[in-house]
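Below: the structure, in structure tokens.
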Amino acid sequence: MTESSAQIGVVGLAVMGSNIARNFANHGHTVAVYNRTAAKTDAFMAEFGTTGSFVPSASIDEFVASLERPRRALIMVQAGPATDTVISQLADAMEPGDIIIDGGNALYTDTIRREAEMSERGLHFVGAGISGGEEGALNGPAIMPGGPAESYKSLGPLLEDISAKVDGTPCCTHIGPDGAGHFVKMVHNGIEYADMQVIGEAYHLLRYAAGIEPTEIAQIFRTWNDGDLDSYLIEITAEVLSQTDAETGKPLIDVIVDAAGQKGTGRWTVKAALDLGIPTTGIGEAVFARALSGARAQRAATTGNLPTGELTTLDALGVSKDDFVEDVRRALYASKLVAYAQGFDEIKAGSDEHGWDVDPRDLATIWRGGCIIRAKFLNRIVDAYNTDPSVQSLLLDPYFNNEVGTLVDSWRRVVVASTQLGLPIPVFASSLSYYDSLRSERLPAALIQGQRDFFGAHTYERTDRAGHFHTLWSADRSEVEA
Ligand code: ATR
């Protein structure tokens with residue numbers, strides 16, 4: 001192997017890094033590999049060294065020297081301080097024009113900071129969101145690179161090469177400057193939380209309202225996967241639900257502890273949404289639902305110890321099982337639509353705030369393959385933004401608007417029935433409330449403005465003329481213009 005022969009280098013050879021490195025090699029690229037602990041590099045070479053063209057290095061300097069110019073080094077280490085350490089080591093060894101790519105789940109504000117620091121040194125810094133898990137990393141992930149547009153010219157073809165393809169289109173495109181890539185990856189993960197939660201709520205209702213066994217529910221999900229809900233998450237749900245625990249012979253779902261973990265990207269999505277003032281209620285409720293599920297001590301204390309009031313059953317409500325199953329499917333679809341509409345609202349707000357000029361069509365296009373939320377339905381989102389790039393909400397797009405029209409009666413029935421049965425449906429219910437809020441001509445916000453004016457003289461606007469007004473609440477209650 002000659003010096004400077006590698007088209008791309010990967011730092012960090014844990015599972016994601018190894019798989020990405022192998023993916024590049026499987027596409028005919030020579031890949032430099034380096035890991036802080038050399039034993040991991042040795043182990044990687046021992047296992048995969050003969051499967052492609054790899055150039056292992058024992059030091060960062062050697063690693064950088066093995067890269068073709070402009071050098072392209074992809075960091076796949078733990079997000080946070082480890083990423084900063086590796087960036088600083090690479091930057092010291094690199095030259096202006098070289099490209100450092102962070103493929104980890106970095107917080108987008110860190111990416112903005114790092115890009116500014118590297119740009120001062122003449123280096124390109126690309127924060128790239130990578131979705132698809134271990135399998136995607138090896139066989140084709142969805143990739144969301146941010147950073148300078150110029151760097152995409154040399155980096156893009158490599159990333160597009162290893163990304164998933166849908167109808168021949170790579171699931172990778174330049175998203176926008178600095179933190180844009182990591183921002184949209186973050187919201188992608190937030191949407192993933194909501195999508196998983198609505199599927200969870202549907203399962204829970206089929207199981208505990210309709211009394212259907214997991215293997216039969218798996219079959220129902222398989223049927224749903226042939227229609228509008230066709231998606232990776234629905235597909236794997238059927239797989240999980242049809243799995244039997246080898247040890248007990250029970251459905252695996254029944255022996256899994258019902259406390260959901262989280263690594264933080266859903267929480268970040270909600271925090272960013274709060275800062276941007278965007279109501280991502282679906283994602284928010286999904287994050288809170290995971291938190292509640294994980295509050296094991298509190299749940300141990302409250303389970304069975306809170307009054308239920310009078311509960312009913314589907315039979316008592318006169319609802320047939322088949323009708324209920326179809327209603328639940330529609331409620332899932334409607335709630336999912338709301339979560340996506342909200343996620344895209346957040347991306348637009350983030351893009352406006354930071355001047356990224358993110359094209360939502362690009363996202364819907366690249367999310368069709370490789371990533372966890374891949375779904376047929378994303379084609380409809382591309383169509384919606386093609387029809388009207390500045391549509392105020394995806395719910396207003398003629399196709400989705402018509403769809404919701406066919407779903408909303410079922411959606412309401414499911415929310416009412418679940419409430420009467422005492423079954424929790426945080427995303428189904430909050431999405432419906434969000435939908436009804438958007439529809440409403442009047443909201444109780446008028447009263448809130450009145451209250452704010454009463455206790456804090458915060459003023460209000462009037463419906464009949466321009467200006468800001470204050471009522472002299474503690475005097476004669478006449479109104480003055482503020
Ligand atoms: P996974 O969850 O897949 O194990 P991760 O925790 O996100 O991966 O990242 C682990 C990788 O980050 C490893 O390659 C690790 O290097 P070591 O094998 O030497 O532990 C790397 N890593 C973590 N901290 C690092 C640091 N400060 N400098 C360099 N690499 C670091």
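Order of listing sets the numbers, starting from 1, for every ligand and every atom in it. It should be emphasised that the depicted structure is a prediction, and the values quoted were computed from it without experimental measurement.
- Residue N35 has at least one heavy-atom neighbour below 4.0 Å for each of these atoms of ligand 1: 13 (C), 14 (O), 16 (O), 17 (P), 18 (O), 19 (O).
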With a cut-off of 3.5 Å and sequence neighbours excluded, list every side-chain donor-acceptor pair involving residues 13-25.
{"residue": "S18", "atom": "OG", "partner": "L13", "partner atom": "O", "Å": "2.9"}
{"residue": "S18", "atom": "OG", "partner": "A14", "partner atom": "O", "Å": "3.0"}
{"residue": "N19", "atom": "OD1", "partner": "R22", "partner atom": "NH1", "Å": "3.4"}
{"residue": "N19", "atom": "ND2", "partner": "E134", "partner atom": "O", "Å": "2.9"}
{"residue": "N23", "atom": "OD1", "partner": "H27", "partner atom": "ND1", "Å": "3.1"}
{"residue": "N23", "atom": "ND2", "partner": "A137", "partner atom": "O", "Å": "2.9"}
{"residue": "N23", "atom": "ND2", "partner": "L138", "partner atom": "O", "Å": "3.3"}
{"residue": "N23", "atom": "ND2", "partner": "I162", "partner atom": "O", "Å": "3.0"}

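- Contacts of D258 classified as salt bridge (Lys or Arg N to Asp or Glu O under 4.0 Å), with partners at least two apart in sequence or in another chain: R299.
- Note on ring orientation: taking the six-membered ring where Trp is involved, the planes of Y208 and H204 are tilted (angle from 30° to 60°).
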>> What verdict does the side chain to side chain contact (heavy atoms under 4.5 Å, CB included) test give for D92 and I60, after you've listed the backbone C-alpha separation in whole Å, the side-chain angles of each residue and the deciding distance to 0.1 Å?
In response: CA-CA 10 Å; D92 288 345; I60 280 272; over 6 Å; no
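- The protein non-hydrogen atom at the shortest distance from atom 1 (P) of ligand 1 is A14 CB, 3.9 Å.
- Side-chain contact between T111 and F183 is absent, with no heavy-atom pair separated by less than 4.5 Å.
- At a 4.0 Å heavy-atom cut-off, ligand 1 touches V86 through the side chain alone.
- Counting only N and O atoms by type, the side chains of Y385 and D397 include no donor and acceptor under 3.5 Å apart.
- Heavy-atom proximity to L13, at under 4.0 Å, picks out these atoms of ligand 1: 14 (O).
- Atom 2 (O) of ligand 1 has as its closest protein heavy atom K263 NZ, 4.8 Å.
- Within the listing of ligand 1, atoms 13 (C), 18 (O) sit less than 4.0 angstrom from a heavy atom of K40.
- Of all the listed residues (V10, V77, I60), V77 holds the heavy atom that lies closest to atom 21 (C) of ligand 1.
- The proximity of T37 to ligand 1, defined as any non-hydrogen pair under 4.0 Å, involves the side chain as well as the backbone.
- For atom 24 (N) of ligand 1, the choice among A39, G12, A82 with the nearest heavy atom turns out to be A82.
- Aromatic ring pairs are classed by plane angle as parallel below 30°, tilted from 30° to 60° and perpendicular above 60°; the pair Y34 and F63 is tilted.
- When the options Q78, E134, R36 are ranked by their closest heavy atom to atom 7 (O) of ligand 1, first place goes to Q78.
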